[in-house]
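I have placed the structure first, in the form of C-alpha cells, so that the comments after it can refer back to it.
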There are 2 protein chains.
Amino acid sequence: MFDEYDKSYPIELVADFLGVNSRTLYYYERFSLVCPIRRGRKRYYSKVDIRWLEYVRELMYDQGMNLRSIIILIRRRDNIILEKCPEDVVDCFKNYLMQINKQEE
Amino acid sequence: MFDEYDKSYPIELVADFLGVNSRTLYYYERFSLVCPIRRGRKRYYSKVDIRWLEYVRELMYDQGMNLRSIIILIRRRDNIILEKCPEDVVDCFKNYLMQINKQEE
DNA sequence: ATTATTTTTCTTTTAAAGTGAAAAAATTAT
DNA sequence: ATAATTTTTTCACTTTAAAAGAAAAATAAT
C-alpha cells in the first residue's frame, strides 16, 4: 500500500525536484496551496502533491498567473484548476475559508 | 440612438471616473483588455466599456488578481469573466490571439 | 504661429513573489 | 547530557509586473 496519495517525500526533495527554494513551499502552504502531512515537525508530500505543485508552477511561470488568482479559481471550483487539484488541497481550502469567515464575523 | 454601446466618453473622463491614471487605460489597451474607438486620434469609450473596466479593477484591487490571469480567463471563455465582458473586448482578443499565433509561426 | 490637448516614450514607485541569512526549535548522534 | 545536524521560522533583501509621473512627440484649436 504505497500509492500516489502516500505522503512520503520530504520538503527538500520536493523543492529540488521542482527547482524551487524550500522557502517557496512554506510560502505556498500559508495559502493552503498545498497540504503536506506532519510527522513530528517534518513535512511529507505525496506524488499527487508534487504534480499539483508542478501545475501551479506552470500556471505561474509559463502562463504568468499570480498566487491570488489560483486561489480564487480554487474557491470558485474552476474545472480546469480543480481537475489537477488534489482532494486534500480542496479540503484544506474549505478549512482556510471557514477560518477566514470566522475572523470576519 | 444613444445606447450603452455608444463609444462617446473620452479617456480622461473614464480615468477620473475609475480613479485611475489615463496611462493605466493605455496600458490595458496593449493587452486588448478594452477597445475604445478612435475618432482621429482620440479614444472614446462606451458605458459597457466602463462597466467592464470597473469589473477588471475589482478583480485586480479587491481580489488581487493580475492582468495575465484575467487575460487567460478571457481566452478560456470563462463564464464568470465573460458574463461581464463586452462583446468587442472578446472580439479584440480574437484578433490579438490571431496576431500572436501568426508571429509564432 | 502659438496654445492646448492627447498620445507616446522613458523613468520611477509600489507591492507581491521568491529567496538568502540566520535564529529558534527539534531531532539525531556521540 | 551535550554536541551536531536538520527542519522550521523570522527578518530582510531582490526581482518583476502594475501603475503612475514627467516630458517629448503628435495633433487639433485659436
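On a predicted model such as this, the values are computed, not experimentally measured, just so you know. Chain letters run A, B, ... following the sequence lines, proteins first and then strands; every chain starts at 1.
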Using the closest heavy atom to pick a nucleotide of DNA chain D for each, name whichever of B/R68 or A/R43 lands nearer the 5' end.
A/R43
Judged by nearest nucleotide, the residue sitting upstream toward the 5' end of DNA chain C, B/G64 or B/P10, is B/P10
To the nearest Å, give me how far apart [atom1] ([X]) and [atom2] ([N]) are.
X	N	atom1	atom2	result
A/E12	C/dG20	CD	P	11 Å
A/L67	C/dT19	CG	C1'	14 Å
B/R38	C/dT5	CZ	P	19 Å
A/Y61	C/dA16	OH	C1'	11 Å
B/M60	C/dT14	CE	C1'	13 Å

Taking the side chain from [X] and the backbone from [Y], do they hold a donor-acceptor pair closer than 3.5 Å?
X	Y	answer
B/K84	B/E54	no
B/D91	B/K94	no
A/D3	A/D6	yes
A/R39	A/K42	no
B/D16	B/L13	no

Just call it for A/R57: base, sugar-phosphate, or nothing, with non-hydrogen atoms closer than 4.0 Å on any strand.
sugar-phosphate
Less than 4.0 angstrom from a charged side-chain N to a carboxylate O is my criterion; do B/R43 and B/D49 meet it?
no
Within this structure, what is the CZ-CG distance for the pair B/R76 and B/L82, rounded to the nearest 0.5 Å?
11.5 Å
Side-chain donor-acceptor contact under 3.5 Å, B/Y28 with B/R57:
yes
Name the first nucleotide and the last nucleotide along DNA chain D (5' to 3') that come under 4.0 Å of a heavy atom in chain A.
D/dT7 to D/dC11
Residues of residues 14-35 of chain A with a heavy atom under 4.0 Å from any atom of DNA chain D, listed by number, are A/R23, A/Y26
Mind checking whether A/Y27 and A/F31 have parallel, tilted or perpendicular rings, split at 30° and 60°?
perpendicular
So which nucleotide from C/dA17, C/dT27, C/dT7 ends up closest to the side chain of A/R41?
C/dT27
